[in-house]
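First the structure, in the form of structure tokens, and then the observations on it.
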Amino acid sequence: MKGAFHVLVIGGGATGAALAHDLTLRGLRVTLVERWEVTAGTTGRHHGLLHSGARYVLTDPDSARECIEENWILRRIAPDAFELNDGLFVALTDEDVTYLDPFLEGCARCGIPTRVLSREHTLRLEPNLNPTLKLAVQVPDGTMDAMRLPLRFLATAQHHGAEIRPFTEVVDIHFQGRTVAGARVRDHRTEREYTIAADVVINATGPWAGQIAQMAGVDVPIRPSPGVLVAVEGRLCNMVINRLHPAGDGDIIVPQRRLSIVGTSSWVVEDPDDLDVPEAHVRMMIDLGALLIPTLREMPVRAAWAAARPLVGPRTAHSGRELSRTFKCFDHADEGVEGLVTIIGGKASTARAMAEVTTDIVCAKLGITAPCRTREVVLLPHTAYYAG
Amino acid sequence: MTEQRTVQFRVFRYKQGRERPWYDTFDVTVTPRTTVLEALQFIRRVHDPSLMLRHSCHHASCGTCGMRINGQERLACITRVHDIAGERVTVEPLANLPIIGDLVVDMKAFYAKFTPMAMPLIRHSEFLPEAEPPEGVDTYTRLENCIECGLCVSVCPVAASDPLYLGPAALAAAWRVVQEPRGQNVPEILAQVDTAHGCWRCHIAMECSAVCPSHVDPGAAIMALRGTLIRQHLPWRRKQQGGDAHEPR
Ligand SMILES: Cc1cc2nc3c(=O)[nH]c(=O)nc-3n(C[C@H](O)[C@H](O)[C@H](O)COP(=O)(O)OP(=O)(O)OC[C@H]3O[C@@H](n4cnc5c(N)ncnc54)[C@H](O)[C@@H]3O)c2cc1C
Ligand code: SF4
Ligand code: SF4
Ligand code: FES
């Protein structure tokens with residue numbers, strides 16, 4: 001790969017992992033740096049839902065379409081990675097039932113298969129659900145292991161030559177004139193600082209993206225917005241349980257291994273490293289989760305934690321060109337800074353698609369025409385990441 | 001709610017290139033809910049950003065935050081500081097695996113033994129056996145219990161003395177394949193564990209099962225593997241070799 005362009009990816013979450021995979025497949029030389037263990041940011045802590053997209057059909061059909069498309073792709077490229085038990089959208093009240101028609105129409109428009117189930121049928125599938133439920137809709141949701149899916153992207157990227165460097169923190173952006181030419185990093189294993197030169201730098205640091213932007217003097221107006229998740233002991237359902245209702249707090253229960261996980265809430269903080277887990281949110285998760293599965297209230301809490309989304313505000317300096325509607329991808333060339341691209345937002349379920357769009361932009365910059373192959377290439381098992 | 005108190009953390013430190021490891025101490029104010037992981041994140045954020053630890057899921061599902069807390073193998077993310085006796089908490093990396101830095105061990109050796117057992121990540125779900133699966137789903141499935149945390153390997157006295165010992169996690173994975181083959185080659189897996197450094201090496205003290213945070217019970221799995229192999233080695237069984245000799249009980 002001598003002579004190939006070198007891309008530096010900052011951030012070892014789902015987005016960075018999928019990027020490293022796509023970039024290597026297109027023949028680029030790739031280095032990924034992560035200041036902690038890979039997936040230690042938002043990615044490892046997410047809810048573990050392989051989205052069908054149904055959650056977004058009423059508010060954000062573009063996201064819904066992207067989710068279902070990615071859902072089918074991931075099943076193909078990451079076999080044996082998901083609990084494929086489907087999901088239910090459960091109507092608990094008469095008001096919930098009024099959302100049924102728009103929900104079904106929305107799903108149909110976005111290509112999400114649905115099946116309406118009577119109350120009795122639903123309770124045969126999930127006996128622990130609130131017996132007063134009215135009806136439910138089956139959709140192709142799934143459960144994923146939040147860490148092990150990105151590990152598969154990383155393992156495959158590594159296999160194809162990408163350098164993955166955990167415990168390596170970017171402390172400054174390296175410039176040549178007005179062009180970003182790499183980054184200064186600190187290796188926490190050796191306590192050494194050094195510079196990584198690169199033709200393009202991609203800022204994939206999620207809720208930390210504003211910090212990297214600040215180092216580069218570019219505009220990424222971001223507020224970290226955490227959400228609380230609560231895991232209780234005991235697997236109370238086999239399918240993913242959602243409330244048939246406009247998306248709100250505490251309306252999803254994702255079963256995983258021997259746990260049931262309820263989420264989530266949202267508020268805004270200043271520092272994504274300093275996430276509190278407010279007791280009131282923990283109680284709210286249990287209360288709202290128990291509306292769907294009453295026995296949840298009796299189960300011991302295994303853990304309560306928070307993960308932060310990047311909430312993106314309007315940019316002052318940008319050209320008005322929106323690169324994607326479902327996540328944010330900024331080419332800072334629009335502010336006169338070449339060689340730096342920021343990608344934030346989206347979902348772990350759509351990381352592959354985010355990486356495809358971003359890699360297209362990077363390739364266009366470098367004059368590379370190699371097509372994206374990540375829809376077809378089957379990923380290595382997660383264990384290959386550490387086995388090396 | 002908050003009954004706060006200050007706890008002294010004594011943290012194992014090591015950096016590549018330094019002559020020897022050392023311990024640093026930090027005071028951390030904790031509430032009854034604070035976990036050891038949260039306390040270490042606080043230390044990293046406020047006192048020393050170079051502190052290396054592994055964490056990801058924060059709910060005992062990824063297995064990265066295994067460490068020795070006051071000498072005991074635990075997951076830091078579900079260990080509350082209040083539940084630890086004493087005013088001082090000592091945190092050290094797992095034993096029997098090479099140290100990369102501070103609290104981080106190299107999992108390469110773990111996976112070198114675990115991966116060849118070829119345990120699929122997804123298994124049948126045994127929960128809610130009365131539940132009917134929905135149309136389009138043949139049978140309910142779930143992720144395997146083992147979260148690959150390495151606590152069992154750290155506590156195992158045999159792993160400490162025999163670097164070639166396959167160890168509790170790999171042997172438990174082998175048993176899962178025998179129990180539920182899912183298309184894997186069971187005779188091959190049994191042959192891999194039927195060795196001097198395989199399931200016969202275990203001392204059956206069951207420390208592994210005591211520390212496993214994820215209901216894997218490696219000690220029982222090792223006993224079950226031995227039982228299967230003994231039945232296979234019985235002379236009258238050997239005569240009929242082949243297929244059913246390897247069948248899981
Ligand atoms: C509460 C909650 C629940 C969610 N549930 C789901 C779900 O069920 N399904 C789903 O598909 N999606 C879900 N999501 C969305 C999903 O978690 C995110 O879209 C995804 O994890 C984002 O990944 P990322 O790689 O962009 O960011 P991150 O995972 O945050 O990665 C950024 C990385 O950059 C690193 N970094 C920061 N600064 C530096 C630096 N200076 N140098 C080097 N590295 C640095 C960080 O340590 C971090 O690891 C959820 C999100 C939240 C908040
Ligand atoms: S039972 Fe066997 S594998 Fe488990 S800790 Fe003891 S010696 Fe090790
Ligand atoms: S068997 Fe238990 S203790 Fe050992 S690695 Fe697996 S989950 Fe951890
Ligand atoms: S952080 Fe995942 S097991 Fe503790």
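Computed from a predicted model, the values in this text were never measured in an experiment. Order of the sequence lines sets the chain letters (A, B, ...), proteins ahead of strands, with each chain counted from 1.
How far CD of B:Glu130 is from CZ of A:Arg124: 13.0 Å, rounded to the nearest 0.5 Å. Here the CD1-CE distance, from B:Ile147 to A:Met147, works out to 11.0 Å after rounding to the nearest 0.5 Å. Separation of atoms OG1 (B:Thr139) and CG (A:Leu84) is listed at 12.0 Å; rounding is to 0.5 Å. Atom CZ in B:Arg54 sits 8.5 Å away from atom OG1 in A:Thr39 (nearest 0.5 Å). For the atom pair CG (B:Leu121) and NE2 (A:His382), the distance works out to 5.5 Å, reported to the nearest 0.5 Å. Annotation: the span from A:Gln256 atom CD to B:Cys57 atom SG amounts to 7.5 Å, rounded to 0.5 Å.
Residue B:Val46 does not touch chain A at all, counting heavy-atom pairs closer than 4.5 Å. Looking at A:Leu236, only its backbone comes within 4.5 Å of chain B, counting heavy atoms on both sides. Both the backbone and the side chain of A:Ala387 have a heavy atom closer than 4.5 Å to some heavy atom of chain B. Of the two parts of B:Thr64, only the side chain, counted from C-beta on, holds a non-hydrogen atom closer than 4.5 Å to a non-hydrogen atom of chain A. In this structure, the portion of A:Arg148 lying under 4.5 Å from any heavy atom of chain B is its side chain and not its backbone. B:Glu126 touches chain A through its side chain: at least one heavy atom from C-beta onward sits under 4.5 Å away, while N, CA, C and O do not. B:Arg123 does not touch chain A: none of its heavy atoms, backbone or side chain, sits under 4.5 Å away. For chain B, no part of A:Val230 is nearby; none of its heavy atoms comes within less than 4.5 Å. Heavy-atom distances place both the backbone and the side chain of B:Pro120 under 4.5 Å from chain A. Heavy-atom distances place the backbone of A:Ala81, and not its side chain, under 4.5 Å from chain B. For chain B, the nearby part of A:Ile261 is the side chain; its heavy atoms alone come within less than 4.5 Å. Interface remark: B:Arg45 contributes side-chain atoms only to the contact with chain A (heavy atom separation under 4.5 Å). Only the side chain of B:Arg44 comes within contact range of chain A, with heavy atoms under 4.5 Å apart. A:Asn128 touches chain B through its side chain: at least one heavy atom from C-beta onward sits under 4.5 Å away, while N, CA, C and O do not. Using a 4.5 Å cut-off between heavy atoms, A:Tyr385 does not touch chain B at all.
Of all heavy-atom pairs spanning A:Leu125 and B:Ala131, the tightest one is O-CB, 3.3 Å. Of all non-hydrogen atoms in A:Ala40 and B:His55, the two that sit nearest each other are CB-O, 3.1 Å. Listed here is the closest heavy atom pair of A:Gln138 and B:Glu135: NE2-O, 3.0 Å. Shown here for B:Leu128 and A:Cys237, the closest heavy-atom pair between the two residues is CD1-CA, 3.7 Å. Of all heavy-atom pairs between A:Arg257 and B:Cys146, the closest is NH2-O, 4.3 Å. In terms of heavy atoms, B:Gln16 sits closest to A:Thr190 at OE1-CG2, 3.8 Å.
Counting heavy-atom pairs closer than 4.5 Å to chain A, the top-ranked of the candidates B:Gly101, B:Ser56, B:Ser50 is B:Ser56. Contact tally against chain A (heavy-atom pairs below 4.5 Å) for B:Ala112, B:Ser61, B:Ala109: the top residue is B:Ser61. Of the residues considered (A:Thr383, A:Val277, A:Asn238, A:Leu117), A:Asn238 shows the highest number of contacts with chain B, using heavy-atom pairs under 4.5 Å. Of the listed residues (B:Glu148, B:Arg18, B:Arg182, B:Glu144), the one with the most heavy-atom contacts under 4.5 Å to chain A is B:Glu148. When the candidates B:Cys77, B:Ser125, B:Gly17, B:Gly136 are compared by the number of heavy-atom contacts under 4.5 Å with chain A, B:Ser125 comes out ahead.
Under the ring-ring contact (aromatic ring centres under 6.0 Å, His included) criterion, B:Phe110 pairs with B:Phe114, sequence neighbours left out.
Counting heavy atoms from C-beta outward, B:Leu143 and A:Glu83 have side chains that approach closer than 4.5 Å. Using a 4.5 Å heavy-atom threshold, the side chains of B:Ile100 and A:Arg189 count as touching. A 4.5 Å side-chain heavy-atom check between A:Met239 and B:Tyr140 finds at least one atom pair inside the cut-off.
A:Glu191 CD: more than 12 foreign heavy atoms inside a 6.0 Å radius.
Formation of a donor-acceptor pair under 3.5 Å by the A:Arg235 side chain with backbone atoms of B:Arg142 is not found in this model. The closest donor-acceptor contact from the side chain of A:Arg302 to the backbone of B:Ala60 lies at 3.5 Å or more, if one exists at all. Distance alone, capped at 3.5 Å, places no donor-acceptor pair between the A:Glu169 side chain and the B:Pro49 backbone.
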Please lay out, stage by stage, how B:Lys15 and A:His188 fare under the test side chain to side chain contact (heavy atoms under 4.5 Å, CB included).
CA-CA 8 Å; B:Lys15 297 290 182 189; A:His188 293 308; 4.2 Å; yes
Name each donor-acceptor pair under 3.5 Å that joins a side chain in residues 209-219 of chain B to protein atoms two or more places apart or in another chain, with its distance.
from, atom 1, to, atom 2, distance (Å)
B:Ser209, OG, B:Asp217, OD1, 2.5
B:Ser209, OG, B:Gly219, N, 2.9
B:Ser214, OG, B:Asn145, O, 2.7
B:His215, ND1, A:Arg258, NE, 3.3
B:Asp217, OD1, B:Ala220, N, 3.4

